[in-house]
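As C-alpha cells, the structure follows; a few thoughts come after it.
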Amino acid sequence: MIIRDQAALLAPVERDLRLDLFRGIGLWMIFLDHIPHDVVAWLTLRNYGFSDAAEFFVFISGYLVGWIYGPIVAGGWFLAALKRLWRRTAEMYVAHIMLFLLFTAQIARTIRRFDNPMYADEFNVHNFLDHPDILIGQALTLRYKPVNLDVLPLYITLIFASPFIVWCLVRRPNLTLAVSVVLYVLSRWFDWNVASYPPGTTWYFNPFCWQLMFVVAAWCGVGQIEKIAKWVWSKPVMAIAAAWIAFALLIVMTWHIHALEALIPKWMIKAIYPIDKTDLDMLRFTHFLALAIWVTYFVPRRWKALQLKWLRPLILCGQHSLPIFCLSVFLSFSAHWILMQYTRGAWEQLAVSFAGFAIMVGAAWLLDRAGRVPSLFVKVTDVDDEPGPAAEGAPVKVIAAAPASR
C-alpha cells in the first residue's frame with residue numbers, strides 16, 4: 001500500500017539563484033561558442049579547461065530534477081512527478097521541432113538571398129533542402145539534426161527517463177548511481193549510441209554516456225551529497241581539484257600556444273587524447289566536478305552578490321533557459337552570417353556578440369514580465385439537476401473566474 005504525503009506535494013520549493021545564474025552564463029557561452037572565430041568566445045570555459053557549457057546544463061538539469069521531484073516521489077506522488085516531467089519533455093520536443101523548422105528556413109532563405117550554398121554544408125541542412133519529405137520524418141524521430149541542434153534531443157531523452165531515475169534514487173540511491181556508472185562503462189566499451197541520420201552516424205551527445213552526469217547530479221539533488229560533504233569539501237580533495245583544474249588549463253593552453261607543447265610528455269599526450277565530447281570523456285567529467293567543488297565553496301546558497309543588479313540579466317536568462325536557448329541558436333547564426341557576409345573585424349565581432357547578449361536579456365525580461373501577469377481560468381462545475389432550481393430555469397452549470405495559483 002502506497003502512503004501519500006500531502007505535504008510533499010504542496011511544500012514550496014525555494015529557488016536557488018545560483019542555478020539560474022550559471023544557466024544564464026551557460027547560455028551566453030553557448031551563444032558565443034556557436035559563432036566561429038569570434039574574439040569574445042575567448043571568454044568561454046572551453047578555452048580554459050576540458051569541460052564547457054554542455055556539462056553546465058546537464059548537471060543543473062539533473063540536480064533540479066532530484067532536488068524538486070525527489071521529495072515528491074518519496075512522498076508517494078510518483079505519477080504526479082511523471083506527469084509534470086513528461087509534460088516538460090513534450091514542451092522541449094515541440095520546441096525542438098519548431099526550432100528545427102525555423103532554423104532550416106532561416107538558413108534556406110539566406111542561401112537563396114545571397115546565393116551562398118556554403119551555409120547548407122556548414123550547418124548540415126544540405127540533405128534536408130534536397131529531400132525534405134524524408135528528412136522531416138527523420139527530424140520528428142530525433143535522428144536528423146542540423147549543427148547546433150544536437151543538445152535538445154539529449155535533454156528530451158534524459159527528462160523523459162528522469163521520473164524513473166528519481167524513483168530509483170529515492171529507494172536505492174547508491175545502487176542507482178552504480179548502475180549508471182556501469183552503463184557508462186559498457187556504452188564506451190561496446191560503442192553503444194543512438195542511430196542518427198544519414199545512416200552510419202550516431203548522436204553527437206551519446207545519451208548512454210551523458211546520463212552519468214545527469215544521474216550524479218540528481219543523486220546530489222536528492223540529498224546524498226550532504227552525507228559526504230565533509231569529504232567533498234575537505235582540504236585534500238579541494239587540493240586535488242585545484243591541481244586538476246590547473247592541469248587542464250595547461251593542456252588546453254598548448255592548443256593555443258604551441259611553445260607549451262614541449263612541456264607535455266609524449267606518453268601523456270597518447271594517454272589523454274582524444275578528449276571525446278560525444279561519449280563524455282572522463283577528463284571532461286572530472287574537470288567539471290573539480291570546478292563544481294570550488295564554485296560551490298566560494299558561491300554559497302545565500303551569496304549576497306546574487307541580489308546585485310548587474311547579475312540580474314544573467315539570472316533572468318537562466319530562469320527562461322529553453323526559450324533563450326532557442327533564441328540563441330538564431331542569434332548565433334545571424335552573427336555568423338553578418339561576420340561572414342560583411343566583415344570579420346574585432347570591433348564587429350564585439351558588436352554582434354554584445355548585441356546578441358542584449359537581445360537575449362531583453363527577451364528574458366519580456367518573458368519575466370509576462371510571467372508576472374496573473375493567469376485566469378474558467379472553472380466549470382457540473383450541478384446535479386434538482387427540482388427547485390431546474391423548475392425555476394436556473395442554469396445547470398456554475399461558471400466562476402479566478403486567478404490561477406502560482
Side-chain angles (χ1 to χ4, degrees), residues 19 22-23 26 50-74 78 81-82 84-86 88-89 92 142 150-195 202-229 231-232 237 240-241 244 275-293 295-296:
L19 303 178
F22 289 115
R23 278 199 297 194
F50 298 139
S51 57
D52 59 21
E55 282 83 1
F56 268 63
F57 276 94
V58 174
F59 187 88
I60 291 175
S61 297
Y63 183 86
L64 283 172
V65 165
W67 183 37
I68 295 174
Y69 295 98
I72 294 174
V73 173
F78 171 76
L82 182 142
R84 180 65 187 91
L85 288 167
W86 279 11
R88 181 62 173 172
T89 302
M92 296 174 67
L142 304 180
D150 300 283
V151 69
L152 270 181
L154 172 66
Y155 294 145
I156 291 169
T157 303
L158 293 176
I159 298 301
F160 181 84
S162 62
F164 308 101
I165 294 173
V166 174
W167 187 89
C168 294
L169 284 171
V170 167
R171 284 154 178 78
R172 296 289 188 273
N174 294 332
L175 177 60
T176 303
L177 184 60
V179 170
S180 176
V181 172
V182 170
L183 177 59
Y184 171 85
V185 172
L186 291 177
S187 62
R188 288 184 62 91
W189 185 270
F190 294 106
D191 292 327
W192 293 346
N193 200 342
V194 179
T202 55
W203 280 22
Y204 182 72
F205 290 97
N206 184 348
F208 297 117
C209 293
W210 279 85
Q211 56 78 28
L212 177 62
M213 178 70 75
F214 188 86
V215 173
V216 167
W219 182 86
C220 295
V222 298
Q224 295 301 309
I225 189 65
E226 298 174 1
K227 298 179 180 180
I228 59 172
W231 291 290
V232 171
V237 172
I240 294 171
W244 188 240
I275 304 174
D276 188 18
K277 186 173 184 178
T278 293
D279 293 332
L280 185 60
D281 194 284
M282 194 51 59
L283 272 67
R284 296 179 62 96
F285 179 76
T286 53
H287 177 258
F288 175 82
L289 293 183
L291 286 174
I293 289 173
V295 168
T296 52

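Values reported hereafter were calculated over all heavy atoms of this structure, with side chains retained and with hydrogens, waters and symmetry mates removed. Just so it is clear, the structure is predicted and the values come from calculations on it, not from any experiment.
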(request) Answer yes or no: is there a donor N or O on one side and an acceptor on the other, between the side chain of Arg188 and the main chain of Asp279, under 3.5 Å? (result) yes
(message) Using a 3.5 Å distance criterion without hydrogens, assess whether the side chain of Asn193 forms a donor-acceptor pair with backbone atoms of Trp203.
(response) yes
(message) Quick check: do Val194 and Pro207 have side-chain heavy atoms less than 4.5 Å from each other?
(response) yes
(message) So does Leu289 get a backbone contact from the side chain of Trp244, meaning a donor-acceptor N/O pair under 3.5 Å?
(response) no
(request) Could you check whether the rings of Trp192 and Phe208 sit parallel, tilted or perpendicular, using 30° and 60° as the cut-offs? (result) perpendicular
(message) Tell me the closest heavy-atom pair linking Val237 and Val232, and the distance in Å.
(response) CG1-O, 3.2 Å
(request) Determine, stepwise, if the pair Val65 / Ile159 fulfils side chain to side chain contact (heavy atoms under 4.5 Å, CB included). (result) CA-CA 8 Å; Val65 165; Ile159 298 301; 4.1 Å; yes
(message) Can a donor-acceptor pair be found, under 3.5 Å and without considering hydrogens, that links the side chain of Thr176 to the backbone of Cys168?
(response) yes
(request) Rounded to the nearest 0.5 Å, what's the gap from CZ on Phe57 to CE on Met213? Could you check? (result) 13.5 Å
(request) Would you name the heavy atoms of Ser162 and Leu85 that are closest together and state the gap between them? (result) OG-CD1, 3.4 Å
(request) For the pair Tyr63 (side chain) and Leu19 (backbone), establish whether a donor and an acceptor sit closer than 3.5 Å, ignoring hydrogens and angles. (result) no
(request) Can you measure from CG (Leu158) to CG (Leu154) and round to the nearest 0.5 angstrom? (result) 4.5 Å
(request) Check Cys220 against Ile225 and note the closest heavy-atom contact, atom names and distance. (result) O-CG2, 3.5 Å
(request) Mind telling me whether Trp167 and Phe78 have parallel, tilted or perpendicular rings, with 30° and 60° as the class edges? (result) perpendicular
(message) Would the distance check show the side chain of Trp210 and the main-chain N or O of Thr278 forming a donor-acceptor pair, the cut-off being under 3.5 Å?
(response) yes
(message) Using side chain to side chain contact (heavy atoms under 4.5 Å, CB included), reason through Phe50 and Lys277 one step at a time and then give a plain yes or no.
(response) CA-CA 9 Å; Phe50 298 139; Lys277 186 173 184 178; over 6 Å; no
(request) Give, for atom CG of Asp150 and atom CZ of Phe205, the distance between the pair rounded to the nearest 0.5 Å. (result) 6.5 Å
(request) For the pair Gln224 and Asn174, evaluate side chain to side chain contact (heavy atoms under 4.5 Å, CB included) and give the outcome as yes or no after the intermediate values. (result) CA-CA 9 Å; Gln224 295 301 309; Asn174 294 332; 4.2 Å; yes
(request) Compare every heavy atom of Tyr69 with every heavy atom of Ala81, then report the nearest pair and how far apart it is. (result) CB-CD2, 3.8 Å
(request) Any chance you could measure Leu212, atom CG, to Phe285, atom CZ, to the nearest 0.5 Å? (result) 4.0 Å
(request) Kindly give the heavy-atom pair with the smallest separation between Val222 and Gly66, and that separation in Å. (result) CG1-O, 3.5 Å
(message) What verdict does the salt bridge (Lys or Arg N to Asp or Glu O under 4.0 Å) test give for Asp52 and Arg284, after you've listed the backbone C-alpha separation in whole Å, the side-chain angles of each residue and the deciding distance to 0.1 Å?
(response) CA-CA 8 Å; Asp52 59 21; Arg284 296 179 62 96; 3.0 Å; yes
(request) Could you tell me whether a side-chain N or O of Trp86 sits under 3.5 Å from a main-chain N or O of Phe160, the two making a donor and an acceptor? (result) yes
(request) Indicate yes or no: at least one non-hydrogen side-chain atom of Leu64 is less than 4.5 angstrom from one of Arg23. (result) yes
(message) Working to the nearest 0.5 angstrom, can you tell me the gap between Leu291 CG and Phe22 CZ?
(response) 10.0 Å
(request) Report the distance from atom OH of Tyr155 to atom CG of Leu152, rounding to the nearest 0.5 Å. (result) 8.0 Å
(message) Give me the atom names and distance for the closest heavy-atom approach of Ala292 to Thr296.
(response) O-OG1, 2.6 Å
(message) With a 6.0 Å cut-off (strictly less than), is the heavy-atom count around CZ of Arg172, excluding the residue itself, greater than 12?
(response) no
